[in-house]
Enquirer: 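Below are the structure tokens for one structure; questions will follow.
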There are 2 protein chains.
Amino acid sequence: MAKRTQRRADRLSREVIVKAATDLLDTGGEAALTLRAITSRLSTGYGAVYHHVENKSDLLAAATDDIIAGVMTGVVVDAEPREALRTVALGLFDAIDAHPWVGAQLSREPWRPALLEIYECIGGLLDALGVPGQALFDAAGALVNYVLGVAGQNAANARAHVAGEVDRTAFLSAIAAQWAELDPGKYPFVHKAAARLPEHDDREQFLSGVDIFLAGIATLR
Amino acid sequence: MAKRTQRRADRLSREVIVKAATDLLDTGGEAALTLRAITSRLSTGYGAVYHHVENKSDLLAAATDDIIAGVMTGVVVDAEPREALRTVALGLFDAIDAHPWVGAQLSREPWRPALLEIYECIGGLLDALGVPGQALFDAAGALVNYVLGVAGQNAANARAHVAGEVDRTAFLSAIAAQWAELDPGKYPFVHKAAARLPEHDDREQFLSGVDIFLAGIATLR
DNA sequence: ACCTGAACACCGTTCAAGT
DNA sequence: ACCTGAACACCGTTCAAGT
């Protein structure tokens with residue numbers, strides 16, 4: 001007789017399913033997260049998965065919440081607010097760099113718990129910084145969106161060479177070369193920027209942006 | 001005999017395919033853009049479409065480039081730089097609000113022509129504003145990402161009630177009610193923000209963020 | 001060169017049936 | 001309650017064949 005597929009010994013749980021999903025996403029990107037891949041990795045069936053998880057969207061959201069919760073719980077709230085803000089921002093940047101799919105998910109379904117956690121943390125720190133009244137809410141919205149926007153763009157670039165076919169510097173050099181060929185009359189800024197592209201540090205530029213932001217917020221006080 | 005499907009009279013072109021794709025995306029969101037929907041709407045076959053377009057990704061990128069080009073060509077470059085920046089930012093915000101799929105596409109494939117156009121415009125205006133040297137590139141990167149980040153988030157919210165099942169205010173009220181129920185001890189900021197959520201104007205908050213940014217950039221001069 | 005449409009190799013999700 | 005896996009209704013893409 002043909003051997004039957006081995007059924008898993010221990011019980012399934014939402015937790016192990018989310019863990020498996022995270023592994024798949026980290027290894028192969030969003031395209032690698034399929035229900036078939038999940039069932040075969042966990043030696044189970046579709047019904048079993050759907051018993052613990054509402055659908056694929058729910059699964060992706062749960063995996064995202066886990067990653068963000070990991071970043072937010074590590075934040076020391078009683079540090080100097082300005083420094084704490086930089087730490088949180090950088091923590092989010094690095095987490096999204098390590099898990100590019102998190103960035104896409106946060107902007108796809110912004111009403112899920114993960115973004116709430118982020119708003120609370122950044123809003124609270126801006127409050128501690130002394131930003132007053134209505135400006136506080138504008139500033140929080142702006143800063144959260146800046147952080148997620150840059151981190152997401154960076155992640156998209158990272159995703160472009162996830163398979164290892166081309167490495168990061170080669171990818172950026174190729175774009176820089178393309179930009180350098182543009183007509184300097186029509187594209188003066190991008191033409192100049194091309195020279196800086198291969199050597200620039202994404203993390204540092206990200207922090208520069210945060211500082212610009214904080215400088216702008218300081219004028220509101 | 002069964003009647004054969006009518007073949008289209010005029011010749012197909014990349015342009016009409018992109019136009020049809022834009023209509024489908026605007027009407028039914030990203031899920032509505034399928035090769036089947038395109039072929040049936042244009043009374044043609046798969047091969048015909050693939051003859052003018054590389055693949056679905058290429059089609060989505062081309063549609064995005066069209067929308068962004070429409071925004072950027074309308075910009076008056078010799079206006080006062082500060083005012084021109086606000087105009088461009090608002091133009092992008094409104095375009096992404098009207099075509100939510102554009103926001104997602106720009107962050108999915110940031111190396112395509114559309115983003116180049118945006119960088120050139122915003123970078124050029126910041127240059128005209130007198131932002132010096134290295135700071136210019138940091139500032140341009142930060143501002144572009146802020147604009148696309150907020151516009152994208154706003155579009156994601158808009159997408160959530162695209163079908164018309166729930167209107168905008170009802171959707172925001174529902175989220176606000178959810179936030180208001182959170183423990184004020186654990187979520188003081190979000191709890192307070194809940195009260196402002198239903199009445200707040202996304203466009204205005206977006207512009208407030210741009211102003212914070214420009215104020216921060218002014219400190220670099 | 002331009003177009004047709006059957007066929008291929010996938011998807012997410014459901015559900016009757018099992019334990 | 002928890003799990004199985006065949007089946008359903010879709011996808012994007014290819015390609016031999018037509019004009």
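What you see is a predicted model, and the numbers here were worked out from it, not measured in a lab. Each chain gets a letter, A, B and so on, in the order its sequence line appears, and its residues count up from 1.
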Enquirer: Does V49(B) offer a backbone N or O that forms a donor-acceptor pair with the side chain of H52(B) under 3.5 Å?
Expert: no

Enquirer: Only Watson-Crick and G-U wobble pairs with both distances less than 3.5 Å should count. Give DNA chain C in dot-bracket notation, marking inter-strand partners with |.
Expert: ||.|||||...|||||.||

Enquirer: Please report the distance, rounded to the nearest Å, between CD in E54(A) and P in dG12(C).
Expert: 16 Å

Enquirer: Roughly how many Å apart are dC2(D) and dA17(C), using the P atom of each and rounding to a whole number?
Expert: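 Comparing P positions in dA17(C) and dC2(D) gives a spacing of 22 Å.
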
Enquirer: Would you indicate, yes or no, if dC3(C) has its OP1 or OP2 atom less than 4.0 angstrom from a side-chain nitrogen or oxygen of H52(B)?
Expert: yes

Enquirer: Tell me the interatomic distance from Y50(A), atom OH, to dT4(D), atom P, rounded to whole angstroms.
Expert: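 About 15 Å, once rounded to whole Å.
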
Enquirer: Quick one: CG on L125(B) to CG on L85(B), what's the gap to the nearest 0.5 Å?
Expert: 4.5 Å

Enquirer: When the distance from CG of L12(A) to P of dC2(D) is rounded to whole Å, what number comes out?
Expert: 10 Å

Enquirer: In whole Å, what is the span from the NZ atom of K56(B) to the P atom of dC11(C)?
Expert: 15 Å

Enquirer: Give L59(A) one of three labels, base, sugar-phosphate or nothing, depending on what nucleic acid heavy atoms sit under 4.0 Å from its own.
Expert: nothing

Enquirer: Quick one: on DNA chain C, does T34(A) or G45(B) contact a more 5' nucleotide (nearest heavy atom)?
Expert: G45(B)

Enquirer: Looking at the rings of F189(B) and Y119(A), which for Trp means the six-membered one, are their centres under 6.0 Å apart?
Expert: no

Enquirer: Could you pick out which residue, G47(A) or A31(A), lies toward the 5' side of DNA chain C when each is mapped onto its nearest nucleotide?
Expert: A31(A)

Enquirer: What nucleic acid atoms does L33(A) come within less than 4.0 Å of, heavy atoms only: base, sugar-phosphate, or nothing?
Expert: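 Touches sugar-phosphate only.
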
Enquirer: Rounded to whole Å, please give me the gap between CZ in R11(B) and P in dT4(C).
Expert: 12 Å

Enquirer: In whole angstrom, give the distance that lies between atom CG of L60(B) and atom P of dG12(D).
Expert: 11 Å

Enquirer: Nearest 0.5 angstrom please: T64(B) OG1 to E109(B) CD, how far?
Expert: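 Here the interatomic distance stands at 8.5 Å.
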
Enquirer: Considering only side-chain heavy atoms of A48(A), which listed nucleotide, dA7(C), dT4(C), dC3(D), is closest?
Expert: dC3(D)

Enquirer: Roughly how many Å is it from CG in D58(A) to P in dT13(C), rounded to a whole number?
Expert: 10 Å

Enquirer: To the nearest Å, how far apart are R36(A) CZ and dA7(D) P?
Expert: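 Distance, rounded to whole Å: 14 Å.
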
Enquirer: Closest approach to the side chain of T44(B), judged atom by atom: which nucleotide of dT4(C), dC3(D), dT13(D) is it?
Expert: dT4(C)

Enquirer: When you measure from the side chain of L35(A), which nucleotide among dG12(C), dA1(C), dG12(D) comes out closest?
Expert: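 My answer, after comparing the listed nucleotides, is dG12(C).
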
Enquirer: Using the rule side-chain contact (heavy atoms from CB on, under 4.5 Å), only one of L60(A), L59(A), N55(A) pairs with S57(A); which is it?
Expert: N55(A)

Enquirer: Are L33(A) and I38(A) close enough that some pair of their side-chain heavy atoms sits under 4.5 Å apart?
Expert: yes

Enquirer: Please assess D201(B) against Q205(B) for the test side-chain hydrogen bond (donor to acceptor under 3.5 Å, both in side chains), listing each intermediate value before the final yes or no.
Expert: CA-CA 6 Å; D201(B) 183 330; Q205(B) 186 173 0; over 6 Å; no

